[in-house]
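In what follows, a single structure is set out as structure tokens and then discussed.
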Amino acid sequence: MATVTSGSPPSSAPAWAALADIAARVADVSLRDRFALDPSRSERFAGAVGDLWVDWSRHPIDDEALGLLVDLADQRDVPGFCSRMLAGDMVNATEGRPAGHTALRAPDADDGVTGTLGRMADLADRIRGGSFTGATGEPVRAVVSLGIGGSHLGPAMAHEALTHLAHPDVTVRFSSSLDAADLTAALAGLEPATTLVVVCSKSFTTTETMVAADTATAWLSEGVGDDVSRHLAAATAAPQRASARGIDPDLVFAIPESVGGRFSLSSAMGLALMVAIGPEAFHELLAGMHAVDRHLGEEPVDGNVPMLLGLIDVWQRSFLGATSLAVVPYSHALRRLPDHLQQLMMESLGKRVTADGSPTAGPTGPVVFGAGGTDSQHAFFQLLHQGTDVVPVDLIGVARPVTDPRGAHHDGLMANLLAQAESLAFGRTDTEAAALGVAPDLVAHQEFPGNRPSTVVLLPELSPSTLGQLVALYEHRTVVQAAVWGINPFDQWGVELGKQLTTRFHDRLTGGADTGREEPSSGLIRRYRGLRGRD
Ligand code: F6P
């Protein structure tokens, strides 16, 4: 059975020791000196994947280090692992299944996948065309997608990113939080008679989503009566659970068990997105993802952009000690991308044991955070420029804007992106600050250390295809890191304990009387129950 590289730790690979030997020396050469010595650096340490241009020249890296990282990938069988993933082998060892997300967007997808996509397209077309009617015979004009984590973040992000393509007469909204305020806002102004609620849950057991589904069902019943079957759909890997909750099998759309939540954008989890942008655009998104899947499977490591980015992530984390990664899209439409990537990368790489259960030899996934540029420049960039930690940053730009009526905004966005990349990399010395007239006692405050790494990703435009390429690029970059470290990027056992304890605490918070048993949370439980008028 093929698994994530397991057994030997990554540090046993010959290239690992060589990288450890040169790390301090390579990091010691400033980015100023690197660019001064090699003006072609921004062309040489960069490459295309599909329509995207990716520039990793502002990392402390040279040909020797990059060559060793490529060797490391080979010694850790990263290409083999990626090929096995793409071939549908059992790469998710701890859950005993393949990782089927790339099969969802392959042109030769199996009948089950194409059948589901066809049924989704049929429903989407009928809603968009006004021929899908609800219980009262009125056409459905709104779709509300309920789901959380991977059953929410990707589709909600993509809907926001492609909102310029959304059908003008069909409202599409998303709700994820257990806080009723979220669902209340999502349903506000909608009519049950013209609304379809899509319950998105792979397991169909997730409390947040099931509670929201019950509340939404009650809201629908109040509007159209007990038979809400025309108003409830499901995207799930557990169709029998959806049916048990009274959802019409004709409106249940299957997700293969092998597709992990955070990798499920190209699955039926995207039903509401497909309604918004239309089946054709949804297929363009899938085609964009597939283009990057092919790149991953076909390009040699030294020309394979997702592999190189994953290897540079390993270089930053394992050899240079970076503990975080900031993702900053200079595109308002992409402002939810950091949320999606946070789940993708932190659920996949937040592991402390390898695929075979032994402790990892060193650190694994970094903390991932981010927000839209330029807002984030006025929020957390101070720390990136002058803080005591070095935080690698991904700066994502789009060349052609969706909208810029006066032509006054968009070039400014890209100028900001470049200015941040430049100032992070090259900083400002004390001499330069003094030469600018900075008062001597303020020079230390106005000096910028530089050597703060960034990766620039440039999209020609924001389209379904380029968005699909961007998402697939990050998916594969994540898997590559996992393959080097020997961890399983496809499981997420770490979220389970909190779920189990929630059930126990829910009973304590809502039960007839507090048990009186002392435990660490007793003080908070008593106070909460008091505030809720329960004791
Ligand atoms: O956050 C934990 C998690 O298990 C994610 O991996 C998943 O995307 C999310 O919960 C939702 O799960 P489900 O789709 O089964 O409701």
Side-chain angles (χ1 to χ4, degrees), residues 91-101 104 116 120 144-159 174-179 182-183 186 197-217 232-245 247 252-273 336-351 365 367-369 471 474-475 478-479 482 487-503:
V91 289
N92 179 353
T94 57
E95 295 180 323
R97 56 175 84 129
H101 52 290
L104 294 175
T116 300
M120 287 166 63
V144 178
S145 185
L146 307 181
I148 196 163
S151 303
H152 166 73
L153 290 163
M157 174 278 295
H159 178 250
F174 294 82
S175 174
S176 59
S177 173
L178 184 56
D179 190 329
D182 190 17
L183 182 58
V197 172
V198 188
V199 184
C200 296
S201 175
K202 183 181 167 190
S203 61
F204 235 73
T205 59
T206 303
T207 309
E208 294 90 331
T209 307
M210 295 304 112
V211 171
D214 288 343
T215 305
T217 305
L232 269 182
T236 183
Q240 69 293 349
R241 291 201 186 115
S243 301
R245 282 179 156 265
I247 300 180
V252 175
F253 298 88
I255 315 281
E257 189 64 49
S258 63
V259 176
R262 54 196 176 274
F263 296 91
S264 67
L265 172 61
S266 38
S267 76
M269 293 304 176
L271 178 59
L273 171 67
R336 299 181 83 159
L337 182 70
D339 297 346
H340 173 59
L341 299 183
Q342 184 175 62
Q343 189 210 13
L344 172 67
M345 298 177 107
M346 292 180 75
E347 254 187 19
S348 301
L349 301 175
K351 312 288 163 65
V367 171
V368 179
F369 69 101
V471 171
Y474 274 90
E475 288 177 354
T478 301
V479 166
I487 57 178
N488 182 358
F490 303 117
D491 64 13
Q492 59 285 316
W493 302 101
V495 300
E496 293 305 323
L497 178 59
K499 286 186 194 172
Q500 287 156 18
L501 293 181
T502 297
T503 310

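Computation of the quantities below employed the complete heavy-atom set of this structure, encompassing side-chain atoms and omitting hydrogens, waters and symmetry-equivalent molecules. Every number for a ligand or one of its atoms is a count from 1 in the order of the listing. Note that the structure is predicted; figures quoted are calculated from it, not measured.
Inter-residue side-chain proximity for S176 and D182 is flagged as met; some heavy-atom pair is nearer than 4.5 Å. With contacts defined as side-chain heavy-atom distances shorter than 4.5 Å, the pair I148/T206 qualifies.
Protein heavy atom closest to atom 9 (C) of ligand 1, with residue, atom name and distance, is I148 O, 3.6 Å. Nearest to atom 15 (O) of ligand 1 among the protein's heavy atoms is S203 OG, 2.6 Å. Looking at atom 1 (O) of ligand 1, its nearest protein heavy atom turns out to be E347 OE2, 2.9 Å. The closest protein non-hydrogen atom to atom 7 (C) of ligand 1 is G150 N, 3.9 Å.
Panel note: side chain S175, backbone L146; no donor-acceptor pair is recorded below 3.5 Å. At distances below 3.5 Å, at least one donor-acceptor pair connects side-chain atoms of Q342 with backbone N or O atoms of V368. Proximity of a side-chain donor or acceptor of S267 to a complementary backbone N or O of L104 within less than 3.5 Å is not detected.
Near Q343, meaning under 4.0 Å from one of its heavy atoms, ligand 1 places the atoms 5 (C), 6 (O), 8 (O). The ligand atoms of ligand 1 that sit less than 4.0 angstrom from a heavy atom of T206 are 12 (O), 13 (P), 15 (O), 16 (O). Near G261, meaning under 4.0 Å from one of its heavy atoms, ligand 1 places the atoms 8 (O). Atom numbering of ligand 1 starts at 1 in the shown order; those under 4.0 Å from a heavy atom of K499 are 4 (O).
Here the closest non-hydrogen pair linking K351 and F490 is NZ-N, 4.5 Å.
The backbone and the side chain of K202 each have at least one atom closer than 4.0 Å to an atom of ligand 1 (non-hydrogen atoms only).
A donor-acceptor contact under 3.5 angstrom links the side chains of S348 and R262, judged on distance only.
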